[in-house]
Protein chains: 2
Amino acid sequence: MSPRDMSSNSPTVNDNKITMKPQTVVRKICPHNANVSCSSCRLNELCLPIALNKSEIHLLDEIVERNRPYKKGDHLYRQNDDFKSVYAVRSGSFKSYVLSNNGQGRVTGFFLPGEIIGMDGIASKHYANSTQALEHSSICEIPFSQLEKLSQQLPSLQHHFFAIMGNEIAKDQQIHTLLSSYTAEERTASFLLGLSSRFAHVALSPIRYLLPMTRSDIGEYLGLTVETVSRILTALQRKGLIEVNNREIELLDIEALRQVIGSK
Amino acid sequence: MSPRDMSSNSPTVNDNKITMKPQTVVRKICPHNANVSCSSCRLNELCLPIALNKSEIHLLDEIVERNRPYKKGDHLYRQNDDFKSVYAVRSGSFKSYVLSNNGQGRVTGFFLPGEIIGMDGIASKHYANSTQALEHSSICEIPFSQLEKLSQQLPSLQHHFFAIMGNEIAKDQQIHTLLSSYTAEERTASFLLGLSSRFAHVALSPIRYLLPMTRSDIGEYLGLTVETVSRILTALQRKGLIEVNNREIELLDIEALRQVIGSK
DNA sequence: AATGCAATTTAATCTAAATCAAAATTCTGA
DNA sequence: TCAGAATTTTGATTTAGATTAAATTGCATT
């Protein structure tokens with residue numbers, strides 16, 4: 001399996017805005033522009049470069065590979081591929097999922113700009129998940145062996161990567177608790193609030209955002225069926241806590257949403 | 001909150017074998033003997049020292065603190081305590097859990113000899129869980145700041161600790177899948193098989209072992225009630241897949257147990 | 001050995017969410 | 001612009017596992 005597979009599970013199309021304009025113009029306006037160094041990247045305060053100084057960022061810059069954008073449905077890697085790199089989302093979003101023997105997929109994570117993908121492969125040297133773009137997206141690839149070498153030179157990079165991995169562990173354990181004891185409504189409210197703060201983290205609106213994933217993706221992630229997710233969203237809307245318009249979500253009463261999961 | 005709290009949730013007692021014999025004899029026979037260096041520890045092939053050479057292990061030995069044994073119910077640390085160390089189980093077993101607002105506990109993990117506890121605190125600098133001994137147990141404490149310093153000197157230690165954390169991430173994601181799509185019977189079978197291979201890993205029998213935790217702990221961990229856990233164990237026994245006698249488990253038909261979760 | 005509490009099992013009932021079925025809506029590409 | 005596909009919603013029914021209740025077993029302390 002090639003590390004870069006442009007085929008999609010679902011039929012995809014090119015982004016109209018891009019294919020309709022000449023290349024040079026695209027370069028200028030494309031929000032997924034690959035020619036951005038870590039030092040000038042708007043995410044450098046929350047991605048790997050955090051806690052590095054100018055000259056250290058320059059060293060990091062040299063090992064980061066900025067691939068061309070991924071189309072919706074493109075795979076970053078597939079389950080069982082050789083582990084080579086971790087990835088930082090620059091723009092767009094991704095989902096990780098595993099396929100069970102009976103063909104059913106289960107989503108194990110969603111990734112927004114600034115977040116790191118692929119750490120599940122570090123121990124076994126093979127990715128445990130498949131990971132796929134949910135929309136037109138761009139990525140920084142960080143070859144792990146080089147990240148390790150650089151971490152030997154830069155104590156603050158080592159420290160920060162330990163923290164990134166520790167954060168992933170803490171987050172995964174929160175999800176463990178959520179799945180083992182929350183009701184469908186509590187899970188959904190928690191999910192919406194979680195997305196909200198992640199959007200806020202990348203300077204997007206925490207009260208009004210577009211879901212990059214389907215109801216089915218959400219269901220697989222939260223251990224619910226599509227129908228239940230849909231019903232819960234409708235119910236939360238009827239209660240006046242949120243406004244749903246297809247993929248667009250508006251959080252009308254964040255305090256009440258917190259109350260939903262209040263006792264947990 | 002002190003880092004070492006000898007009080008228990010449940011009333012506990014001293015281990016008869018120990019309190020009934022004079023100190024000097026205890027030192028000799030106690031399986032939780034604290035005076036074992038990493039180099040002579042029987043777990044050194046699967047704990048932190050793995051992949052280190054003799055002189056490197058000696059450096060590690062110097063930062064490891066070998067505390068006196070923990071009694072059943074003693075806390076290693078509590079939720080929200082300042083993060084200072086990670087811990088390697090030397091003997092016995094531990095559980096991590098979080099308390100919800102309504103007082104309900106949810107178990108987030110079990111730890112057997114050779115396994116590393118406390119990585120959930122690395123990012124936030126506060127432990128996200130409480131962790132408590134399930135039986136008379138002993139621990140090696142590894143102050144994290146010293147582990148970081150040593151990892152700067154020893155590339156293979158850095159590499160190995162990245163792997164340990166990556167392994168934790170991969171395991172947590174498997175549990176995510178388990179909780180979001182497995183039935184009660186599948187979860188229980190998977191749990192029993194998982195314990196089996198972990199016991200095998202420390203050279204204990206993979207087909208006959210004692211559960212260190214209660215049915216309630218198992219239920220909290222698997223997102224099931226005690227009653228369901230009990231019923232499923234009884235059902236698996238009736239089907240001839242296992243033999244249950246209180247805390248003692250014998251796996252009679254491992255292949256059939258694998259079949260239970262076969263399609264997943 | 002006796003006592004008392006914690007842990008486990010068993011049984012009856014209930015319920016949240018799954019499943020099944022189908023209609024409505026949105027997206028996609030020709 | 002439109003047809004077909006995918007996604008989402010809605011409703012009726014079923015069910016796995018929760019809840020409630022009680023009996024039983026195990027184990028620590030007296």
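The figures here come from the full heavy-atom set of this structure, side chains too, leaving out hydrogens, waters and symmetry mates. Lettering of chains follows the sequences in order, A, B, ..., and the numbering in each one begins at 1.
Between A/Asn245 atom CG and C/dC27 atom P there is a gap of 11 Å when expressed in whole angstrom units. Counting to the nearest Å, the C1' atom of C/dA6 and the CG atom of B/Asn246 are 12 Å from each other. Here the C1' atom of nucleotide C/dT25 and the CD atom of A/Glu248 are 16 Å apart, to the nearest Å. Taking atom CZ on B/Arg247 and atom P on C/dA6, their separation rounds to 14 Å, with Å as the unit. Taking atom CG on A/Leu179 and atom C1' on D/dG17, their separation rounds to 16 Å, with Å as the unit. What separates CG of B/Leu233 from P of D/dG17 is a distance of 14 Å, to the nearest Å. Rounded to a whole Å, the CG atom of B/Leu222 is 15 Å from the C1' atom of D/dA18. Regarding B/Glu220, its CD atom lies at a distance of 13 Å from the C1' atom of C/dA7, rounded to whole Å.
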Where along nucleotides 10-20 of chain C does protein come under 4.0 Å, by heavy atom, of base (B) or sugar-phosphate alone (S), with - for untouched nucleotides? BBB----SSBB
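Closest approach of B/Ala184 and B/Thr228 over heavy atoms only: CB-CG2, 3.8 Å. Between B/Arg187 and B/Leu224, the shortest heavy-atom distance links the atoms NH1-CD2, 4.1 Å.
A/Ile116 has its side chain out of reach of A/Tyr87: every pair of non-hydrogen atoms, C-beta onward, lies at least 4.5 Å apart. At least one side-chain heavy atom of A/Leu251 sits under 4.5 Å from a side-chain heavy atom of A/Ser196.
At least one donor-acceptor pair closer than 3.5 Å links the side chain of B/Arg106 to the backbone N or O of A/Ser180.
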Please determine whether ring-ring contact (aromatic ring centres under 6.0 Å, His included) holds for the pair B/Tyr70 and B/His75, giving the CA-CA distance in whole Å, both sets of side-chain angles, and the decisive distance to 0.1 Å. CA-CA 8 Å; B/Tyr70 284 70; B/His75 277 84; 9.8 Å; no
